[in-house]
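A, B, ... follow the sequence lines: proteins, then strands. Residue 1 opens every chain.
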Amino acid sequence: MNWDPVDMTVLANEQVIDGKGWRSGAVVEQRDMEQWFFKITDYAQELLDGLDTLERWPEKVRLMQANWIGRSEGCRMRFEWAEPFGRVAVREDKDPDVAKARMQDARSVGDQMVMSYNLAKDLFPDGVEIYTTRPDTLFGASFIALSPDHPLTKRLAETSTELRNFRENCAKIGTSEEDIAKAPKLGFHTGLGVRHPFKSGETLPVWIANFVLMGYGTGAVFGQPAHDQRDYDFAAKYGLPIIPVIKPAEGELPDGEAYVGEGTLYNSDFLDGLSKTDAIDAAIAKIEEMGLGERTVQYRLRDWGVSRQRYWGCPIPVINCPEHGAVPVPDADLPVELPYDIEFDSPGNPLDRHPTWKHTSCPSCGADALRETDTLDTFNDSSWYFARFAGPNGSPVDKEEAAKWLPVDQYVGGVEHAVLHLLYARFFTKALRDCGLLDLPSGEPFAGLFTQGMVTHAVFTDEDGDYVVPADVIEDGNQLIRIDNKKLVTKGDIVKMSKSKKNVVDPNDIIETYGADVARWFVLSDSPPERDVEWSEDGVRGAWNFQKKVWRIVEATDVPDHSPMAADPEAKGDALALRRSAHKALAKITAGIEAFRFNTSVAQIYELTNALSKYSGQDAVRMEALGILIRSIAPFMPHLAEECWSNLGGDGLVALAPWPQHDPAMLVDDEIVMPVQVNGKRRGEIRVAKDVSKDDAERLALSEPSVAKFLDGQTVRKVIVVPGRIVNIVAG
RNA sequence: GCGGGCGUGGCGAAAUGGUAGACGCGACAGACUUAAAAUCUGUUAUCCGCAAGGAUGUGCCGGUUCGAUCCCGGCCGCCCGUACCA
């Protein structure tokens, strides 16, 4: 946990800036704290398998979740202790030669080393257990690395100031995955050694390395620098041997970096000549035979830490009894309510500081006991609200109603939720099902998912580094200043709108100026919804003008008494052209809406509107086209559509009117224009009947003057005719 | 660092193997108007050209194909996530 010693609070990774608390500016410490977890890892395989059933989810989200769960197949194995061969304290030496010299200098055996050796043997008599996906590279092993948080590391640190300092240095790096991965490699040589399982008499040194994560596998790895980049970087820095054991099928091993690809084993005794995959199997078989380990499946997914030291959150319903430990609050006493008389004016967890709230009695023995003062991560609430919405009365989830409504047919959310929220919600529904609280066999909460893009905006910061809402920023000459105190403002990155960065805009401004219909039309009209957009009000005039244009067309229409807005099959000339435009537009509008591509539907509505505004006839064709137009805009501009519908003599509410159906016969023109290419470049076009034969198209294309001049002096080698699309002449 | 995505005119974009830039914004010109707004008509990727026309062009490099914005490989840039922002 990130701990701010001044504010006495736990901080999110995001609230740690350059290793300091965002409010207090104090140097953040890493603390181990007792936390509540949900055992989501028990569902790792089911969460992974379930992804295949989510056919209406974007492929990218399924892929991200699969990567997040991170199933890998490999083996757990132990390296047995070897007699110690020395101890050296290697600090962060940039120069590999210096590090190497220290290694050779390491034969002197000191008291401290002997104690560490005995301690290690005492604590872990079987040796060091590691997890690897690459047992094929065991002959390339050159060291063992433990996590700074490995139990052995912690015990060794008790006897070594140097190691304690090393651990503190590692703790400064931060807790986020990104920080750890980007940090420069740091190592500490323990002086301990382990036996190589396949090379008798060989000893591998045991290091502590900051890039080894305690939360994954066993918190220990073997280093095989020739075939893993992190191991390579580490070995290069500390002068450890780099032993290649895989040769690529073609070419040489890369210089100065690890080779992680496929290839054939060498330098590897009984694995020589095998492929990577076969060598993995053979190595595991041998390890199992030797009794040193076994094939296992490992997941990257970690258990979900749900404890938060905040007031706002559902209290974790547990009472800590000195006698009985953590006792669940009895059902009859749920929910545990937060106190209302709470003070936020001093550091630390307000719930923990509250004078009376946490004091209660043990449900088991009645003795004085303390309430858990941690609250639940708010992701808990977003993980099952849809089940609550199905039946909002009575017990938390109404099984019958939830069974009727769930899964959610179409879920819409930002792609930033791709792993956390969407994975937690999937886990929650599965867990609720298994607890008998939800009747949902699949355990999948959302049948369809659409990930809309993020709305982004520049972040503004004033001279004091405080964030400023864009609406409060004005231009002053060629500078930006705050409207309230005239302080100078800097325009920063364009990022996802968020309350914390204050780079948000209020859509009410547009609604007040232009109305909700125009605001909605504007938002839907330009960008496809899955794409990120940088918010801008440029173009809102277009939406406003469009609204007026539709209204003018309706006003300019002589509405007949009986207005079925139905087709006139006899239409000819301009009328037929309008009919065709209307039906072509309708087909694309419908397809666009169904595919969530509202911007293309909008473009087609513009085309239809333009066609209608140029049409002077007051006839059935006009009424038919208007009927299509108004029903098409109804989902986008419902108020305008209702008014127009009513004025055109439409039946009831347009919102309740059936969606219009396009006539397929209207989509095809009698004559089409086919572009003609010569060697892939457009050189002309031919006007042909819609069902022209390939031969005729070829003949016409070759004789088209604008095409023929490019064929002058050349031999026509091939003519490709794609019916209804294009003619391409290959000449040379 | 790792995982995922995106990159096309002045701007939002369309075209997902077949005419690159539909539609909209902006800009420019004209009509109407005392004037402005609104409205209507037209032009608007870049370069050469009076024009006709031609050349170039979808982040960069390469590949597959009769044909690539689209498929494949490599690179660059930006965005999202990276487990305590929610």
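B/rC78: Watson-Crick or G-U partner is B/rG5, with both key distances under 3.5 Å. Applying the Watson-Crick and G-U wobble criteria (two distances, each under 3.5 Å), B/rU69 pairs with nothing in any strand. Across all strands shown, B/rU56 forms a Watson-Crick or G-U wobble pair with B/rA45, both key distances being under 3.5 Å. Using Watson-Crick or G-U wobble geometry with both donor-acceptor distances under 3.5 Å, B/rC85 finds no partner in any strand shown. Pairing for B/rG24 goes to B/rC11, judged as Watson-Crick or G-U wobble with the two contacts each under 3.5 Å. Under the Watson-Crick or G-U wobble criterion, with both distances below 3.5 Å, B/rU33 is left unpaired in every strand shown.
Residue A/V61 is the one, among A/V61 and A/T175, whose nearest nucleotide of RNA chain B lies closer to the 5' end (criterion: closest heavy atom). Both A/A181 and A/V533 lie near RNA chain B, and the one whose nearest nucleotide falls closer to the 5' end is A/A181.
For the C1' atoms, the distance linking B/rC79 with B/rC84 amounts to 23 Å, nearest Å. Rounded to the nearest Å, the gap between the P atom of B/rU8 and that of B/rU69 is 14 Å. Only the P atoms considered, B/rG7 is 8 Å distant from B/rG59, to the nearest whole Å. Separating the P atom of B/rG67 from that of B/rA15 is a span of 25 Å, rounded to the nearest Å. Across the P atoms, B/rC48 and B/rG10 are found 15 Å apart, a figure rounded to whole Å. Between B/rC76 and B/rC61, the distance separating the two P atoms is 15 Å to the nearest Å. Taking atom P on both B/rU41 and B/rA52, the two are 24 Å apart, rounded to the nearest angstrom. B/rC75 sits 24 Å from B/rU65 when the P atoms are compared, rounded to a whole Å.
Look at B/rG9: its glycosidic torsion is within 90° of 0, and that puts it in the syn range.
Surrounding CZ of A/R23 are at most 12 heavy atoms belonging to other residues, nucleotides or ligands under 6.0 Å away.
Listed nucleotides B/rA83, B/rG67, B/rA13 differ in distance to A/L301; the shortest reach to its side chain belongs to B/rA83. Checking B/rC23, B/rU19, B/rA38 against every side-chain atom of A/Q677, the shortest atom distance belongs to B/rU19. Nearest nucleotide to the A/D538 side chain, out of B/rC40, B/rA20, B/rC25: B/rC25. The A/H417 side chain lies nearest to B/rA86 when the options are B/rC66, B/rA86, B/rA83. Of all nucleotides listed (B/rC79, B/rG18, B/rU41), B/rU41 comes nearest to the side chain of A/K614. Of the candidate nucleotides B/rC79, B/rC23, B/rC25, B/rC79 has the atom nearest to the side chain of A/D493. Of the listed nucleotides (B/rA13, B/rG18, B/rA86), B/rA86 has the atom at the smallest distance from the side chain of A/L420. Considering only side-chain atoms of A/A603, the nucleotide from B/rC23, B/rC79, B/rA86 that sits closest is B/rC23. Taking every side-chain heavy atom of A/R531 into account, B/rG7 is the closest of B/rU19, B/rC85, B/rG7.
In this structure, a donor-acceptor pair under 3.5 Å is absent between the side chains of A/S601 and A/Y606. No side-chain donor-acceptor contact under 3.5 Å links A/D381 and A/T378. Using modelled atom types and a 3.5 Å distance limit, the side chains of A/N13 and A/S176 yield no donor-acceptor pair.
In this entry the distance linking CD of A/E530 with C1' of B/rG7 reads 15 Å, nearest Å. When the P atom of B/rG1 is taken as reference, atom CZ of A/R300 falls 16 Å away, rounded to whole Å. Distance CG (A/N610) to C1' (B/rG42): 14 Å, rounded to an integer number of Å. B/rC40 atom P lies 14 Å from atom CG of A/L612, rounded to whole Å. Whole-Å rounding puts the A/D179 CG to B/rG1 P distance at 13 Å. Atom CZ of A/R683 is separated from atom P of B/rA55 by 5 Å (rounded to the nearest Å). As rounded to whole Å, 5 Å separates atom P of B/rC40 from atom CZ of A/R552. Atom P of nucleotide B/rA13 and atom CD of A/E534 are separated by 10 Å, given to the nearest angstrom.
Ionic pairing of A/D303 and A/K39 is not present here: no N-O contact between side-chain nitrogen and carboxylate oxygen is shorter than 4.0 angstrom. Residues A/K584 and A/D669 are paired through a salt bridge, judged by an N-O separation under 4.0 Å between the basic side chain and the carboxylate. Salt-bridge check for A/R552 with A/E555: failed, with every basic side-chain N at 4.0 Å or more from each acidic carboxylate O.
For B/rG3, its base never sits under 3.5 Å from the side chain of A/N67 at any donor and acceptor pair.
Note on A/V730: only backbone sugar-phosphate atoms sit closer than 4.0 angstrom, heavy atoms only; bases stay farther off. Among the atoms of the strands shown, base atoms are found under 4.0 Å from some heavy atom of A/K496.
Phosphate contact (OP1/OP2 of B/rA83, side-chain N/O of A/R302, threshold under 4.0 Å): absent.
In this structure, A/K185 forms a cation-pi arrangement with A/F211, its terminal cationic atom sitting closer than 6.0 Å to the ring centre and no more than 45° off the ring axis.
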